[in-house]
Amino acid sequence: MERYNFKVIEKKWQTFWEKNQTFKSSIKKDKKKFYCLEMFPYPSGKIHMGHVRNYTIGDVLARYKSMQGFNVLHPMGWDSFGMPAENAARQNNLDPKTWTEKNIKTMKNQLKQLGLSVDWNREISTCSDNYYKHQQSFFLELMDKGLVYRKENYVNWDPIDETVLANEQVIDGKGWRSGAVVERKKLNQWFFNITKFSSDLLDGLDKLDKWPNKVKVMQKNWIGKSFGCEINFNLKTNLPVKEIKCFTTRPDTLFGFSFLALSIDHPMSKFFKENEEFIKFKNECAKTGTTEESIANAEKIGFKTDIKAINPLDETKQVPVYFANFVLMDYGFGAVFGCPAHDQRDLDFALKYNLKVLPVVCPPGENDNFKIDTEAYTGPGKIFNSQFLDGLNCPDESILKTIEILEKKKIGKRQINFRLKDWGVSRQRYWGCPIPVAYNNRGEVIKIPKEDLPVKLPENINLDVKGNPLEHQKKWKEVTLHGEKCIRETDTLDTFVDSSWYFLRFCSTENKDEGFNLDDVKYWMPVDQYIGGVEHAILHLLYSRFFMRALGFEKKDFIELEPFEGLFTQGMVCHETYKDSENNWLFPDEVESKDGKEYFKKNNPSAKVKVGSSESMSKSKKNTIDPENIIDNYGADAVRFFILSDSPPEKDIQWSEQGMISSYKFIQKFWSLHKMIINLNLKDDTDRSQEIDTFTNQMIYKITKSLENFHYNVIIANLHEIYNYLSKNLKEIKNKKNLLTNYEKILKIISPILPHLANECLDELNIKERDQWPKVNERFLKKESFNVVIQINGKKRDLMNFNKDINEKDLLLEIKNNVKINKFLKDKEIKKSIYIKNKLINLIV
RNA sequence: GCGGUCAUGCUGAAAUUGGUAGACAGGCACGGUUGAGGGCCGUGUGGACCUAGUCCAUGAGAGUUCGAGUCUCUCUGACCGCACCA
């Protein structure tokens, strides 16, 4: 039997697609479009299994939609700016550009070997000046709209990478790349005013009904809307400041006010900067670890000032003002009013410093003697101990009523606060998009004129310097603008800016003058299905949503502001981990096992290997499988088949050599079956049985449905069923024409998953129209008889075959003749029967 | 601490969305083919018992229903996200 030579056949079809420009996309106004996009890769060197999974999922969808008659846009590009290139270049003494371009070449080749239906004519790379010149132009546009600003700010400083990190890039107090403990530093930074759209970004989530709920919840929490009010507290002090503003969600507990706490960075702190005790306190605060968790769990400590704050609702009451380590400067006003009875954090603080704890919310079932011990009460109740607020229902009535009173007295006003902070986009790095501004000798910001764009990165520069290498480019920095000598901005843009609009660029890659043209994006956008890892749930996806709003801001004629209509987040690819006796990680191919129980180092049966838990593939744990080797050994179709099998795409998948081999075997088995089918010596005009038509149409129905819901693992099971059915029933099939008609449809429905194999088989059948999705013929789905479940008191007792739509009376008569059922019925009276046509009858006795 | 998701054989998982639980695969066992191994083919594989059959089984417990893996509540456990957010 001839083996399936995947090396020859896969190459053949990949060449065919390329030659015929099969996946080239263009606007066709008469056709419905489908924009299928997978998160573009960072060109780190080689593709990994995560890419294989991501792009296979997307490719199956793109091929299916295209066969369904959609005009599909399925592009690919490279997120090619960023620190790894700079680090690698420094290590190997070469140019980041060279390194990056080499990686892109390798990875593009690898992706092509997967047989992806990508329109490579639209390939983009964010580090190319063809791309980033438009980004610079957008930056200036946003500046004109007042959505970009510069301010001095505390930043997360990564001492190893010597760069600023966004909050999101700080994980457990450490830099996401370097792992170094992050420090605080004050720097002049460029910001995007994302908070201008806080409310809109939040509201927009409701419309995204094709997004996973998980992602929407994460974004919602990240934006962090809370309703409350700001309150002015008058101070009793000799200092020149007589008033402090606080934000609170619980103004109704104002009578329980027993201290006011300020952030150590609060403007008030300038009056204490000479105070030795205060300096000591500040140092004490700095000692608690920097990880989020240790900060959150750190003991609450405070520095008592001699300032007093006056309760705005009862001016006879004064409380002390503290600086405290738990107050954040960048939320609210950097000041909180403390009500220990109804906030656990305030209570901890009050107990430590012996402050008054006065309950003002009385829980249901308690009376005026209600006291707080060591647990704050945050539940509902009635307001008491609060003069004119007494008796209000808490929280619904009390909060609104109190705000009303505060507003009337002009002490405060209702306010909505967001947790979201503006997006700091400055990076002190070389390998990024230059920010298109300069400074004159008075330090004023001068925009680079549009006609001078792009501001190109200098190439082949010395990277072996401390800090930002661009700082050392004296010649590059000098520029004359409006007749004045200026110095260029040396900060580059966060790479998340690059990926915030690339999906727009894909619509108009030919346009040299603008980032996109409106007609193109009006046709292609929004992305119908976006597919990628859940790790981008907040950053990239939120920034992209912001960028659309920023671009459309103050524009009359723009497109729908949500960039991604559908979102799918796929799971990770996992593998067991291995360690030798010295606890060094080992690659899977350094390990072998005879019995699957005990593992040894390869060719060294005395060196035992410890098998660890299965974890997401990562270089550091060496539990990686190189896709290139796998494709080389088993072929692209087998890899596609395996990566989709077993686990649903949204869940983690376990890599297994065993599973990979059996996928490979499936391809081989299918090929032998194919050869048998085409060589069958049968007549065309005899014995046409409808059984195979029914089977085929059921499969078309099932697979179409599963494709719509990303139930790709179920489709793989269906493919097994198809093979099993055909190989078992081939002998009984007598009519060749009928067989081939059905077989052709089967090949078409498997082609999104196994494109090379299916196309080759179809080609051998001499079928030239291979890109039409077969329609379900309802006629063959209609069954003449059904197996009806017979239940007695809700328990299944038998299955009986009845004609379609048999009425209940006739059915009951038939049941009476069933010995098995009669045994249960005996002489009992049937009290009630529930009959679901063609499905089930339940008899209650 | 707050928020979310999930829990089904030895394993990965199906289940037409309230109607036959365990599709399909992996693993394992036995048999066949083979000089042997691998490969290939076949059979079996949730548990218990009085084994032609019956009963019990979807983390635990309750509830709604003629009927619950699926809906509701309580609990337990696992995973993920956020984390002093006033």
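A note on names: the letters A, B, ... follow the listed sequences, proteins ahead of strands, and every chain is numbered from 1.
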Task: B/S/- contact track for nucleotides 2-19 of chain B, protein heavy atom under 4.0 Å - done: -S--------BSS-S--B
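- Using a 4.0 Å heavy-atom cutoff across all strands shown, A/K665 reaches sugar-phosphate atoms only and no base atom.
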Open item on the list: Let's test your reading of the pairing rules: Watson-Crick or G-U wobble, both distances under 3.5 Å, then write RNA chain B as a dot-bracket string with ( ), [ ], | and dots.
Closed with: (((((((..(((......[....)))(((((((.....)))))))((((...))))..(((((..]....))))))))))))....
Side-chain donor/acceptor pairs under 3.5 Å, residues 247-261 of chain A, sequence neighbours excluded:
from	atom 1	to	atom 2	distance (Å)
A/T248	OG1	A/R250	N	2.9
A/R250	NE	A/D252	OD1	3.1
A/R250	NH2	A/D252	OD2	3.4
A/D252	OD2	A/S398	OG	2.7
A/T253	OG1	A/R250	O	2.9
A/S258	OG	A/K356	O	3.0

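- Rounded to whole angstrom, the span from the CG atom of A/N838 across to the P atom of B/U20 amounts to 14 Å.
- Rounded to whole Å, the distance from OH on A/Y331 to P on B/A83 is 13 Å.
- Because its glycosidic torsion is more than 90° from 0, B/G69 is reported here as anti.
- With both ends at atom P, the span from B/U20 to B/C2 equals 40 Å, rounded to whole Å.
- A salt bridge links A/K245 and A/E230; the closest N-O separation between the charged side-chain nitrogens and carboxylate oxygens is under 4.0 Å.
- Salt bridge status for A/E299 with A/K352: present, with a side-chain N to carboxylate O gap under 4.0 Å.
- In this model, the phosphate group of B/G1 is not approached by any side-chain N or O of A/Q344 to a distance below 4.0 Å at OP1 or OP2.
- Nucleotide B/C40 holds its P atom 10 Å from the CZ atom of A/R3, rounded to whole Å.
- Among A/Y543, A/F496, A/F197, A/W222, the one residue that satisfies the ring-ring contact (aromatic ring centres under 6.0 Å, His included) test with A/W423 is A/Y543.
- Ring centroid separation for the pair A/F6 and A/Y634 does not come in under the 6.0 Å cut-off.
- Aromatic pair A/F642/A/Y664: centroids not less than 6.0 angstrom apart.
- B/A68 and B/G61 have their C1' atoms separated by 15 Å, with the value rounded to a whole Å.
- The separation of B/C10 from B/G47, taken at their C1' atoms, amounts to 13 Å, rounded to a whole angstrom.
- Considering only side-chain N and O atoms, A/N724 lies nowhere under 4.0 angstrom from the phosphate OP1 or OP2 of B/A23.
- Annotated as anti: B/U5, whose O4'-C1'-N torsion sits more than 90° from 0.
- Going from atom CG of A/L719 over to atom P of B/A23 covers 18 Å, rounded to whole Å.
- Across the C1' atoms, B/C56 and B/G9 are found 15 Å apart, a figure rounded to whole Å.
- Heavy atoms of A/K796 sit under 4.0 angstrom from at least one base atom.
- Close placement of the A/F666 and A/F641 rings is indicated, their centers lying within 6.0 Å of each other.
- Each of A/I844 and A/L799 has a nearest nucleotide on RNA chain B; the 5'-most of these lies closest to A/L799.
- Every residue meeting the salt bridge (Lys or Arg N to Asp or Glu O under 4.0 Å) condition with A/K621, not counting sequence neighbours, appears here in chain and number order: A/E615.
- Nucleotides B/U16 and B/U5, compared at atom C1', are 25 Å apart to the nearest Å.
- Summarising the geometry, the separation between CE on A/M329 and P on B/A86 is reported as 16 Å, rounded to the nearest angstrom.
- A gap of 30 Å separates the P atoms of B/U72 and B/A83, to the nearest Å.
- Taking syn as a glycosidic angle within 90° of 0, B/U70 does not qualify and is anti.
- When each of B/A83, B/A86, B/C24 is scored by its nearest atom to the side-chain atoms of A/V327, the top-ranked nucleotide is B/A86.
- Between A/R345 and B/C85 there is a side-chain polar atom (N or O) within less than 4.0 angstrom of OP1 or OP2.
- Contact annotation for A/K795: backbone-only contact, meaning every heavy-atom pair under 4.0 Å involves sugar-phosphate atoms and none involves a base.
- Between A/F323 atom CZ and B/A86 atom P there is a gap of 22 Å when expressed in whole angstrom units.
- Of the P atoms belonging to B/U64 and B/G46, the separation is 34 Å, rounded to the nearest Å.
- A/D646 and A/N713 share no donor-acceptor pair across their side chains, judged by distance under 3.5 Å alone.
- Using a 4.0 Å heavy-atom criterion, one finds that A/V534 contacts no nucleic acid atom at all.
- Counting heavy-atom neighbours within 6.0 Å of A/F695 CZ, excluding the residue itself, gives a total above 12.
- In the model, A/E721 has a side-chain atom that pairs as donor or acceptor with a side-chain atom of A/N718 under 3.5 Å.
- Separating the CG atom of A/L328 from the C1' atom of B/C82 is a distance of 13 Å, rounded to the nearest angstrom.
- Among the nucleotides B/A86, B/C55, B/C24, the one closest to any side-chain atom of A/R797 is B/C55.
- Comparing the same atom, P, in B/C79 and in B/A13 gives a spacing of 16 Å after rounding to whole Å.
- Legend: residues meeting side chain to side chain contact (heavy atoms under 4.5 Å, CB included) with A/H674, ordered by chain and number and at least two apart, are A/W671, A/I678, A/Y743, A/C761, A/E764.
- Per the geometry, CG belonging to A/D348 stands 13 Å off P belonging to B/G1, to the nearest Å.
- Side-chain polar atoms of A/S833 and A/E808 form a donor-acceptor pair below 3.5 angstrom.
- Here the straight-line distance linking atom CE of A/M617 with atom CG of A/D652 works out to 11.5 Å at 0.5 Å rounding.
- If you check residues 252-261 of chain A against RNA chain B, you find no residue with a heavy atom closer than 4.0 Å.
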